[in-house]
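The figures here come from the full heavy-atom set of this structure, side chains too, leaving out hydrogens, waters and symmetry mates. Throughout, protein chains are lettered first and strands after them, A, B, ... in sequence-line order, and every chain is numbered starting at 1.
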Amino acid sequence: MADELLPLSRLESSAERAARVLLGCLLCRRLEDGTVLRGRIVETEGYAGAEDVASHSFGGRRTGRNESMYARAGTAYVYFTYGMHWCMNVACSIEDDPQAVLLRAIEPVEGADRMEILRRSNPRAARRLAEIKIGAGPARLCAAMGLDRSWDGVDLLARSERGEDLWLEHGDRPSRTLVGPRIGIDRVGEPWLSAPLRFGVEGSPSLSKPFPTVGEERAARDSAS
DNA sequence: ATGACGATTTACT
DNA sequence: GTAAATCGTCATA
């Protein structure tokens, strides 16, 4: 199981299912000097494609920026936002169906020291870094892994032969999965505003924000295989 | 060419 | 809790 690439068959489905599948998987990066970084994915959000008002691909919108959303499952969609942050998604359907999963948080598994240096290289690095977990947020995740536009469109289900690389591996499945509404989409209306498409690994110290603890959004048994 | 905006984060009251 | 930071992208003209 260890060090095995995630197969296409695990990802090629709906955004909701793929967002669950990616929990526990390892986001892996090889740096220029050969150092390998591994982070366990502990928080994700599904974006359901052309029907989803909160998605960059709502209404079939297809531009230079979001073109990677329309690619085969396993393709990275990395975009720049708020004039200073990078965020990373994984496309999760067939070509031309723009469903994707936003990676919202990782826990360092390997190379945490380099992740710390990478996040400090951000000009707006937090003053109180000790209180902020490495990778606990979509933009913090990209900072820790050193990701930017140059990784947009990369196939995460294959390894490159030389140089830097980025890929996905199997990892320990969460024993329980947290579910809640997505973050930062306040401008969209119902039902998408409160659609339960945010998922988290219960007990992880690296979640970007707490999950709701009442009603139907309470932690539920993970039904993914 | 211009203007509005953003799947965030940090600083500050 | 609220506001600022900061700029690539897209829609409009």
Side-chain angles (χ1 to χ4, degrees), chain A residues 14-16 18-20 22-23 27 39 41-71 75-93 97-106 115-116 118-153 156 178-200 206-212 217:
Chain A
S14 68
E16 193 270 344
R20 288 177 176 278
L22 283 168
L23 287 183
L27 179 63
I41 298 168
V42 294
E43 185 182 330
T44 60
E45 280 180 354
Y47 285 84
E51 298 180 349
D52 187 345
V53 183
S55 173
H56 290 169
S57 56
F58 172 62
R61 200 174 83 113
R62 188 168 185 165
T63 67
R65 175 168 91 144
N66 73 357
E67 178 62 26
S68 294
M69 296 186 87
Y70 290 80
T75 302
Y77 165 41
V78 181
Y79 68 90
F80 187 65
T81 191
Y82 290 104
M84 63 197 92
H85 301 305
W86 296 96
C87 294
M88 174 179 174
N89 294 246
V90 181
C92 61
S93 186
D97 179 18
Q99 302 199 53
V101 175
L102 172 68
L103 303 185
R104 287 195 57 89
I106 55 171
M115 293 184 192
E116 179 68 24
L118 281 165
R119 73 164 175 167
R120 283 179 183 279
S121 72
N122 185 314
R124 274 173 57 84
R127 181 188 304 169
R128 300 160 72 184
L129 278 172
E131 296 181 14
I132 299 178
K133 292 285 201 294
I134 295 174
R140 293 170 183 158
L141 177 160
C142 284
M145 296 293 281
L147 303 178
D148 59 23
R149 187 55 183 264
S150 68
W151 297 97
D152 183 49
L156 302 168
L178 302 168
V179 184
R182 293 172 292 183
I183 304 296
I185 56 169
D186 303 354
R187 291 181 71 261
V188 318
E190 299 291 2
W192 297 104
L193 178 61
S194 53
L197 288 171
R198 176 182 178 224
F199 305 95
S206 296
L207 298 177
S208 67
K209 291 183 173 155
F211 276 73
E217 286 147 359

Answer yes or no: does a side-chain N or O of [X] lie under 4.0 Å from OP1 or OP2 of [N]?
| X | N | answer |
| --- | --- | --- |
| A:Arg140 | B:dT10 | yes |
| A:Arg61 | C:dC10 | no |
| A:Arg128 | B:dT9 | no |

Worksheet item: Are A:Tyr47 and the base of B:dA7 stacked, counting only ring centres nearer than 5.5 Å and planes tilted under 30°?
Response: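 The ring of A:Tyr47 is stacked on B:dA7.
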
Worksheet item: Parallel, tilted or perpendicular: which fits the ring planes of A:His56 and A:Tyr77, with parallel below 30° and perpendicular above 60°?
Response: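 A:His56 vs A:Tyr77 ring planes: perpendicular.
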
Between [atom2] on [N] and [atom1] on [X], what's the gap in Å once rounded to a whole number?
| X | N | atom1 | atom2 | value |
| --- | --- | --- | --- | --- |
| A:Phe58 | B:dC5 | CZ | C1' | 17 Å |
| A:Lys209 | B:dA7 | NZ | P | 13 Å |
| A:Met69 | B:dA7 | CE | P | 10 Å |
| A:Ile134 | B:dT9 | CD1 | C1' | 16 Å |
| A:Met84 | C:dT9 | CE | C1' | 15 Å |
| A:Tyr82 | B:dT10 | OH | C1' | 14 Å |
| A:Asn89 | B:dG6 | CG | P | 17 Å |
| A:Asp148 | C:dG8 | CG | P | 13 Å |

Report the nucleotide, chosen from [options], that has the shortest atom-to-atom distance to any side-chain atom of [X].
| X | options | answer |
| --- | --- | --- |
| A:Ala139 | B:dA7, C:dG8, B:dT8 | B:dT8 |
| A:His56 | B:dT10, B:dA7, C:dG8 | B:dA7 |
| A:Pro138 | B:dT10, B:dG6, B:dT9 | B:dT9 |
| A:Leu102 | B:dA7, C:dT6, B:dT8 | B:dA7 |

Worksheet item: Are A:Asp152 and A:Ser68 close enough that a side-chain donor and a side-chain acceptor fall under 3.5 Å?
Response: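 Per modelled atom types, A:Asp152 and A:Ser68 side chains form a pair under 3.5 Å.
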
Fill in: Member of A:Arg140, A:Arg104, A:Lys133 meeting the side-chain hydrogen bond (donor to acceptor under 3.5 Å, both in side chains) criterion with A:Ser208
A:Arg104

Item to complete: Say whether, by atom type as modelled, one donor and one acceptor occur between the side chain of A:Arg119 and the main chain of A:Leu129 under 3.5 angstrom.
Response: yes

Worksheet item: Does A:Asn66 use its side chain to pair, donor to acceptor, with the backbone of A:Arg61 at less than 3.5 Å?
Response: yes

Practice prompt. Give A:Arg182 one of three labels, base, sugar-phosphate or nothing, depending on what nucleic acid heavy atoms sit under 4.0 Å from its own.
Written response: nothing

Discussion item. Pairing check on C:dA5: which nucleotide meets the Watson-Crick or G-U wobble criteria with it, both distances under 3.5 Å?
Written reply: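 In the structure as shown, C:dA5 has B:dT8 as its Watson-Crick or wobble partner.
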
Item to complete: Let me know, please, whether A:Phe80 or A:His85 comes out on the 5' side of the other along DNA chain C by nearest nucleotide.
Response: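 Here A:His85 is the residue nearer the 5' end.
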
Practice prompt. Map A:Leu141 and A:Gly83 onto DNA chain B by nearest heavy atom, then report which one ends up closer to the 5' terminus.
Written response: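 Going by which nucleotide is closer to the 5' end, it is A:Gly83.
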
Discussion item. Assuming nearest nucleotide by heavy-atom distance, tell me which of A:Leu129 and A:Arg65 is located more 5' along DNA chain B.
Written reply: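 Of the two residues, A:Arg65 wins.
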
Worksheet item: Between A:Glu16 and A:Leu197, is any pair of side-chain heavy atoms under 4.5 Å apart?
Response: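 A side-chain contact under 4.5 Å exists here.
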
